[in-house]
Amino acid sequence: MTIMKSTLSKIIVLVLLTIFFSVNSTMIQAAERPNIVFLFADDWGWGDLSCHGHPYVKTPNIDRLAAEGTDFYCFTVASGVCSPSRTAVMTGHFPARYNIDGHFAWPKNNQKRNMPDWLDPKAPLLPRFLQKSGYATAHFGKWHLSNNMIPDSPLPGDYGYDTYGAFNCAGEQMPVHEDARHANTFIEKCQREGKPFFINLWLHEPHTPFHTVPKYRWRFRDLDEADNIYASVLSHADDRIGEVLDTLDRLKLTDNTLVIFSSDNGPARAARPTELKLMHDTATGAGYGIGASRGITGGRKGYKGALFEGGIGVPFIARWPGKIPAGKIDRTSQISAVDLLPTFCEIAGAKLPASYAPDGISQLATLMGKRKQRREKPLFWKMKSAWPANKTRPYHWVSYAIVDQNWKLVTNNESSYWELFDIVKDPYEKTDLKKENPQVVTQLRKKIAQWKTTLPSKPDQSLFSSERTE
């Protein structure tokens, strides 16, 4: 009996040791693989941060990220509007490769614009690459890689997320202010399980409708009503970001978590004076309309919907303690939304398929301050824009653009008019240099023409809603 008890005790000890070392090994592995939290706002202008000098908006939590990380001044997204910009983040490709040139709306509108009704879930996808490499993946907040008026579109879970809560998608719409609460719950779960995590936290603010809360209106009670509304929703979003940062601190995950804050495009502005009134959105509910849009671009030309820097040049702040320099401003490194997929995958140790050819490049060394990255690949943009330019929207005529090294060329849809800028020396695009540099113009126009030949003429019909009419 004594021998049996001794043997049983040894077995129990062995099992407990096995469990301990297994759990400990998982936690060590998680500690070696950083967590990633990507905060992606909607219509948040470059100048809409107190750390970027906004006269009355207060963003102490985003300012904290800038103080503890690096603020990159030359980041651009891949479109002047929402859905294409998000497509670039998800795929590492220019959105024109998927015929996604505008925002997803009703099927008849998508059809008219030669667009699919949703992003192909079989496309190469950032969350799926990370999921396959062992990351827990989640999406909370705005989706808009389809829309809620397309009920037969794939759900976010079909794109490589273990869990999600979203709006502007099919199915139940998550309330816009619950994004941080769900993210914190997910972080706590991953911390208990010792698993590295990737979170897309895509904020609604400051997109219309503006969903105000009295607490935040009171903070800015001395401002005029439209400014009060705008400042209040940004402050509310900043507080929710602070809740996530506090959770990382509380769980002692801050040092092993890369946090990035950015925006999908520049700020929305009404083309003419617009009455301040309520509106209703089928995905997010009632709130104030574009009459309360007060976003600023920090001096950049144009606003949302433009391919000038006011439409595509947005905040990009990255914090990863001990890896990314703290309190620094990088004014020259050209980083793009298409770079995020290869960058995040390199950080996570996720292997990319041999068949995958990203349009972006990994910017890990640039984030860590080890080199000032001059792009190895040009960047391209495509949008449907009116020509000649509308007098009320003078910077919204560009349909194609290219950035190659220090040069940026913009052209209309017919390629009958163009402008050339030295985007490094002249980030505000004040001086058109086409007359002084005809050879550069010729070279860049040829590159745009060649790029166009690589784009599909029409979307795949498998990405059409059953509600689309022929």
Side-chain angles (χ1 to χ4, degrees), residues 37-52 54 56-65 77 81-83 85-86 89 103 139-144 165-169 173-184 199-220 223 225-245 259-270 276 278-281 283-297 303-304 314-317:
V37 178
F38 180 50
L39 305 162
F40 208 31
D42 197 349
D43 295 359
W44 200 303
W46 192 93
D48 291 340
L49 297 168
S50 44
C51 64
H52 285 179
H54 197 283
Y56 57 79
V57 166
K58 304 300 179 186
T59 52
N61 294 292
I62 300 172
D63 295 354
R64 175 190 169 189
L65 290 176
V77 284
V81 294
C82 177
S83 300
S85 183
R86 294 163 192 271
V89 171
H103 71 282
H139 177 98
F140 301 113
K142 184 171 185 178
W143 181 242
H144 218 170
F167 48 90
N168 289 115
C169 61
Q173 307 297 293
M174 184 196 80
V176 295
H177 296 152
E178 292 187 5
D179 44 14
R181 180 171 66 82
H182 287 296
N184 287 336
I199 299 174
N200 264 344
L201 183 56
W202 289 3
L203 303 158
H204 171 72
E205 290 84 3
H207 196 285
T208 56
F210 297 114
H211 303 292
T212 60
V213 173
K215 169 183 175 181
Y216 296 95
R217 294 291 301 270
W218 182 253
R219 282 185 180 177
F220 302 95
L223 296 176
E225 186 173 18
D227 292 329
N228 173 281
I229 290 168
Y230 195 73
S232 74
V233 296
L234 291 179
S235 183
H236 191 179
D238 182 76
D239 269 8
R240 300 202 307 279
I241 290 171
E243 291 172 13
V244 174
L245 300 182
V259 180
I260 288 178
F261 171 80
S262 190
S263 176
D264 67 343
N265 47 249
R269 279 296 189 105
L276 179 60
L278 290 172
M279 62 174 286
H280 183 270
D281 182 85
T284 66
Y288 290 97
I290 199 167
S293 294
R294 289 292 186 270
I296 59 176
T297 65
Y303 293 96
K304 176 180 180 176
V314 295
F316 188 84
I317 299 169

Residue pair [X] / [Y]: nearest heavy atoms and the distance that separates them:
X	Y	answer
Cys82	His144	SG-ND1, 3.3 Å
Ser235	Phe220	CB-CE1, 3.6 Å
Gly289	Thr208	C-CG2, 3.8 Å
Ser262	Pro315	OG-O, 2.7 Å
Gly266	Val314	N-CG1, 3.8 Å
Tyr230	Gly295	OH-CA, 3.1 Å

Starting at [atom1] of [X], measure out to [atom2] of [Y] and round the result to the nearest 0.5 Å.
X	Y	atom1	atom2	value
Phe167	Glu178	CZ	CD	10.5 Å
Phe210	Leu278	CZ	CG	12.0 Å
Thr212	His236	OG1	NE2	10.5 Å
Tyr56	Leu223	OH	CG	6.5 Å
Arg181	Glu243	CZ	CD	10.5 Å
Phe40	Phe261	CZ	CZ	10.0 Å

Student check: side-chain heavy atoms of [X] and [Y] closer than 4.5 Å:
X	Y	result
Ser293	Lys304	no
Leu203	Asp42	no
Asp43	Asn265	yes
Arg86	His103	no
Ile241	Val259	no
Trp44	Leu49	yes
Arg217	Glu225	yes
Ile229	Leu276	yes

For [X] and [Y], indicate whether the former's side chain and the latter's backbone hold a donor-acceptor pair under 3.5 Å.
X	Y	answer
Thr297	Trp46	no
His204	His207	yes
Asp48	Ile296	yes
Gln173	Asn168	yes
Ser50	Thr59	yes

Pair Asp238 + Lys58, salt bridge at N-O below 4.0 Å
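No, this pair does not count.
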
Side chain to side chain contact (heavy atoms under 4.5 Å, CB included) evaluation trace for Ile199 with Phe140:
CA-CA 8 Å; Ile199 299 174; Phe140 301 113; 4.0 Å; yes

Under 30°, 30 to 60°, or over 60°: which ring-plane class applies to His177 and His211, parallel, tilted or perpendicular?
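Because their plane-to-plane angle is over 60°, the rings of His177 and His211 count as perpendicular.
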
For Phe38 and Trp202, take the angle between the two ring planes, folded into 0 to 90°, and tell me which bin it lands in: parallel under 30, tilted 30 to 60, perpendicular over 60.
perpendicular

Test log, rule side chain to side chain contact (heavy atoms under 4.5 Å, CB included), inputs Tyr288 and Val233:
CA-CA 11 Å; Tyr288 290 97; Val233 296; over 6 Å; no

I'd like to know whether Val244 forms a side chain to side chain contact (heavy atoms under 4.5 Å, CB included) with Asp179, so could you lay out the CA-CA distance, the side-chain angles of the two residues, the decisive distance to 0.1 Å, and finally the verdict.
CA-CA 10 Å; Val244 174; Asp179 44 14; over 6 Å; no

